[in-house]
Amino acid sequence: MPDETPKPAPAAKPRTNFVRDIVDEHLRNGRFAAVHTRFPPEPNGYLHIGHAKSIHLNFGLARDYKGLCNLRMDDTNPETEDMEYVESIKEDVRWLGFDWQDREYYASDYYERLYQWAVELIRKGVAYVCDLTVDQVREYRGTVTRAGVPSPYRDRGVAENLDLFARMRAGEFPDGSRTLRAKIDMASPNMLLRDPLMYRIRREHHYRTGDGWCIYPTYDWAHGQSDSIEGITHSICTLEFEVHRPLYDWFLDQLGVHHPQQIEFARLNLSHTVLSKRRLLELVESRLVSGWDDPRMPTISGFRRRGVTPEAIAAFCETIGVAKDNSIVDLPLLEMCAREHLNRTVPRAMAVLRPLKVVLTNYPEDRVEEFEAVNNPEDPAAGTRRVPFSRELWIERDDFMENPPSKFFRLSPGKEVRLRYAYFIRCQEAIKDAAGNVVELRCTYDPATRGGDNPPDGRKVKATLHWVSARHAVDAEVRLYDTLFTVRDPASVPEGVDWKATLNPKSLEVVRGAKLEPGLAEARPESRWQFERLGYFCADRRDSRPGAPVFNRTVTLRDEWARLVKAGREAA
RNA sequence: UGGGGCGUAGCCAAGCGGUAAGGCAACGGACUUUGGCUCCGUCAUCGGAGGUUCGAAUCCUCCCGCCCCAGCCA
């Protein structure tokens, strides 16, 4: 059976953006001789499509400039981080097609180095141990419109600071009782420069350093120095860190070490979903989705399970560009990227989701024919397959209407259509049950149209339907997805309103008893297909079994008829 | 009302003083054994107001709007 093997993300045609402009300038003026970036996730959740944008930016830059990109776990907060997340992150980055070779780093591996550097800053008189409580620190910091006031511990002597800091590390003080702070400027208009915290005391088991430390560095103290240690040239992060840049620069300047350039870009927002680890975690923990890889989730693993390819994600990241304005990208753009790649690479098959029985009254009871079907009209090399045909068939319920409007080209009493690759058939009679529901169609076929060809008399039909031979059909479960949320920007809700209120109750529809052509029975988990006239589907990597396949709908095909129906409904 | 950013079509996004790329969506048409694919066509004067200039989306001034910063989160 033909199937499709996922390939790594290829280098898309590089497109210019302001980050590349900056890099070009640095290379031209000699500030840096090469490009060395890093992708620095915190292992406290699964990667989502927003991370994919960052991954493509960072690894893409390294690839295009013949430089390097490190993978670094930004693990400075023991409370939320976990090895499960590290593993998922590595798997997702690899699946996207990127390779960090042996450069798998952890901020937690730099704890000792960071500690020594902190000691250096204390000696230099620009860092001090502060005994203020959390509330006091907040109070002393001031507000955005009111300057802060210096901590009473700000001018402690170097010796005392050194002693206190060593004892903080040794575990002599209770959690939260003291901090190490940088001595910068309590009156700075930039809140981050008002003596920012470098260390906090937290007796928390760390997933990698265990109980080796009871003091942990903050993001600001750890990040830039980690970049420096690794020889990073361009430290690319999202817009909210723009106000951190003066602090990033300050630490590096005080230390006099290798100084990367921080560059900020706008994080990705996707319509009809949420893209924050906090909210995604909440969906997972409250069981509103089946897990981080629920096919409705905007996570890398969710899209993977849904059937979106790494190539499609690469094309998407390339298409959306990199800039500095906050924006929300329309979901249809991602869907277009998925369709574009799937159309070129995936084999076709016939599957009937909501079966309606068709009996060909003039076709022999015991006869079975096999017709040759094209696997992928976009790819001749994909070859053909044989599909069995017999007297009783399944067609899609939506392909029959008893009283059709004029634009409906499909089956209705007295009308003729083509069964793809098989024959023209004409509907003679619709059989109904006691309630008046159509339960079966009696049709006749035209032997002169074998293979689906137009007959010698020049007759034509306006519709071609997909079908499955009833006696050869394989039953399957098929999962149809809609957007997770009903509104474009679910995260923007008035205060006091639950952001989950706009979750789409119809985001998942499970169809049991779908009828598939026999070749699909053994579909390999994660194999992707186009079910003709319906959409792209992916055999679920967790639940699909040989003989009992389970398919997830990745995305529908564009549907001109559906648009007409919708337009008609809106006009009415 | 302090500081830092950003405003080009319904949604992204090029443009860097010389007379508005491209993609998605939408709409119209061609083709069609998937109402798929493909192809053709239509669709903006650049947040606002002044100013500089032969010439401004690009430079200057003021105004308006949106985002970020008061976690011992990242």
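In what follows, chains are A, B, ... by sequence order, proteins preceding strands, each numbered from 1. Worth saying up front: this structure is predicted, and the values here are computed from it rather than measured.
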- line: Each nucleotide of nucleotides 40-46 of chain B classed B (base within 4.0 Å of a protein heavy atom), S (only sugar-phosphate) or -, in 5' to 3' order, makes -------
Look at all strands and tell whether [X] reaches a base, only sugar-phosphate, or nothing, counting heavy atoms closer than 4.0 Å.
{"X": "A:Val461", "result": "nothing"}
{"X": "A:Pro377", "result": "base"}
{"X": "A:Leu331", "result": "nothing"}
{"X": "A:Asp453", "result": "base"}
{"X": "A:Phe531", "result": "nothing"}
{"X": "A:Lys277", "result": "nothing"}
{"X": "A:Thr76", "result": "sugar-phosphate"}
{"X": "A:Gln530", "result": "base"}
{"X": "A:Leu534", "result": "nothing"}
{"X": "A:Glu42", "result": "sugar-phosphate"}

Figure out the [atom1]/[atom2] separation between [X] and [N], and round it to whole Å.
{"X": "A:Met198", "N": "B:C73", "atom1": "CE", "atom2": "C1'", "result": "18 Å"}
{"X": "A:Arg420", "N": "B:G35", "atom1": "CZ", "atom2": "C1'", "result": "13 Å"}
{"X": "A:Ile184", "N": "B:G3", "atom1": "CD1", "atom2": "C1'", "result": "15 Å"}
{"X": "A:Asn17", "N": "B:G23", "atom1": "CG", "atom2": "P", "result": "19 Å"}
{"X": "A:Asp21", "N": "B:C16", "atom1": "CG", "atom2": "P", "result": "11 Å"}
{"X": "A:His206", "N": "B:A74", "atom1": "NE2", "atom2": "C1'", "result": "13 Å"}

[N] and [M]: how far apart are their [atom1] atoms, nearest whole angstrom?
{"N": "B:C43", "M": "B:G2", "atom1": "P", "answer": "45 Å"}
{"N": "B:A9", "M": "B:C24", "atom1": "C1'", "answer": "12 Å"}
{"N": "B:C73", "M": "B:G22", "atom1": "C1'", "answer": "39 Å"}
{"N": "B:U32", "M": "B:A25", "atom1": "P", "answer": "24 Å"}
{"N": "B:U52", "M": "B:A44", "atom1": "P", "answer": "31 Å"}
{"N": "B:U1", "M": "B:U45", "atom1": "P", "answer": "32 Å"}
{"N": "B:C40", "M": "B:C31", "atom1": "C1'", "answer": "11 Å"}
{"N": "B:C6", "M": "B:U61", "atom1": "P", "answer": "16 Å"}

task: Using the test side-chain contact (heavy atoms from CB on, under 4.5 Å), find all partners of A:Thr464 that sit at least two apart in sequence or belong to another chain.
output: A:Arg418, A:Arg420
Pairing residues for A:Thr319 by the side-chain contact (heavy atoms from CB on, under 4.5 Å) criterion, not counting sequence neighbours: A:Leu333, A:Cys337
Set of residues satisfying salt bridge (charged side-chain N to carboxylate O under 4.0 Å, His left out) with respect to [X], sequence neighbours excluded:
{"X": "A:Arg38", "answer": "A:Asp227"}
{"X": "A:Arg279", "answer": "none"}
{"X": "A:Glu79", "answer": "A:Arg202"}
{"X": "A:Arg267", "answer": "A:Glu240"}

message: Students often mix this up, so state it plainly: with edges at 30° and 60°, are the rings of A:His223 and A:Tyr248 parallel, tilted or perpendicular?
response: tilted
message: Angle between ring planes, A:Phe371 versus A:Phe389, binned at 30° and 60°: parallel, tilted or perpendicular?
response: perpendicular
List every contact pair, protein side and nucleotides 25-32 of chain B side both N or O, where the distance is under 3.5 Å.
{"from": "B:A26", "atom 1": "OP2", "to": "A:Arg563", "atom 2": "NH1", "distance (Å)": "3.1"}

- prompt: Of A:Val23, A:Ile22, A:Leu61, which meets side-chain contact (heavy atoms from CB on, under 4.5 Å) against A:Ile236?
  reply: A:Leu61
field: Any A:Thr145 side-chain nitrogen or oxygen under 4.0 Å from OP1 or OP2 of B:G3
entry: no
Indicate whether any N or O donor in one side chain lies under 3.5 Å from an N or O acceptor in the other, for [X] and [Y].
{"X": "A:Asp195", "Y": "A:Tyr140", "answer": "no"}
{"X": "A:Gln225", "Y": "A:Ser228", "answer": "no"}
{"X": "A:Tyr199", "Y": "A:Trp221", "answer": "yes"}

- prompt: Looking only at N and O atoms, is any donor in the side chain of A:Arg146 or the base of B:G2 less than 3.5 Å from an acceptor on the other one?
  reply: no
Applying a 3.5 Å limit to both distances, which nucleotide forms a Watson-Crick or G-U wobble pair with [N]?
{"N": "B:G17", "result": "none"}
{"N": "B:A25", "result": "none"}
{"N": "B:G35", "result": "none"}
{"N": "B:U52", "result": "none"}
{"N": "B:G65", "result": "B:C6"}

message: Other residues, nucleotides and ligands only: do more than 12 of their heavy atoms fall within 6.0 Å of CD on A:Glu139?
response: no
Could [X] and [Y] be called an ion pair, given the rule that one side-chain N must be under 4.0 Å from one carboxylate O?
{"X": "A:Glu396", "Y": "A:Arg354", "result": "no"}
{"X": "A:Glu416", "Y": "A:Arg459", "result": "yes"}
{"X": "A:Glu264", "Y": "A:Arg245", "result": "yes"}

statement: What residues 167-178 of chain A contributes to the RNA chain B interface at heavy-atom separation below 4.0 Å is A:Gly176
task: Please figure out whether A:Thr464 or A:Lys53 has its closest RNA chain B nucleotide nearer the 5' end.
output: A:Lys53
message: Can you work out whether A:Tyr536 or A:Thr319 has the more 5'-proximal nearest nucleotide on RNA chain B?
response: A:Thr319
What nitrogen or oxygen pairs link the protein and nucleotides 65-71 of chain B at under 3.5 Å?
{"from": "B:C67", "atom 1": "O2'", "to": "A:Asn326", "atom 2": "ND2", "distance (Å)": "3.3"}
{"from": "B:G71", "atom 1": "OP2", "to": "A:Arg138", "atom 2": "NE", "distance (Å)": "3.2"}

message: Tell me every residue that passes ring pair (Phe, Tyr, Trp, His ring centres under 6.0 Å) with A:Phe241, counting only those two or more places apart in sequence or in another chain.
response: A:Tyr219, A:His244
- request: Output every pair passing side chain to side chain donor-acceptor pair (under 3.5 Å) with a member in residues 177-188 of chain A, not counting sequence neighbours, ordered by first then second residue.
  value: A:Asp131-A:Arg178
- prompt: Under the rule syn = chi within 90° of 0, otherwise anti, which is B:G71?
  reply: syn
- request: Tell me whether A:Tyr219 is stacked on the nucleobase of B:A74, counting only the six-membered base ring and applying the 5.5 Å and 30° thresholds.
  value: no
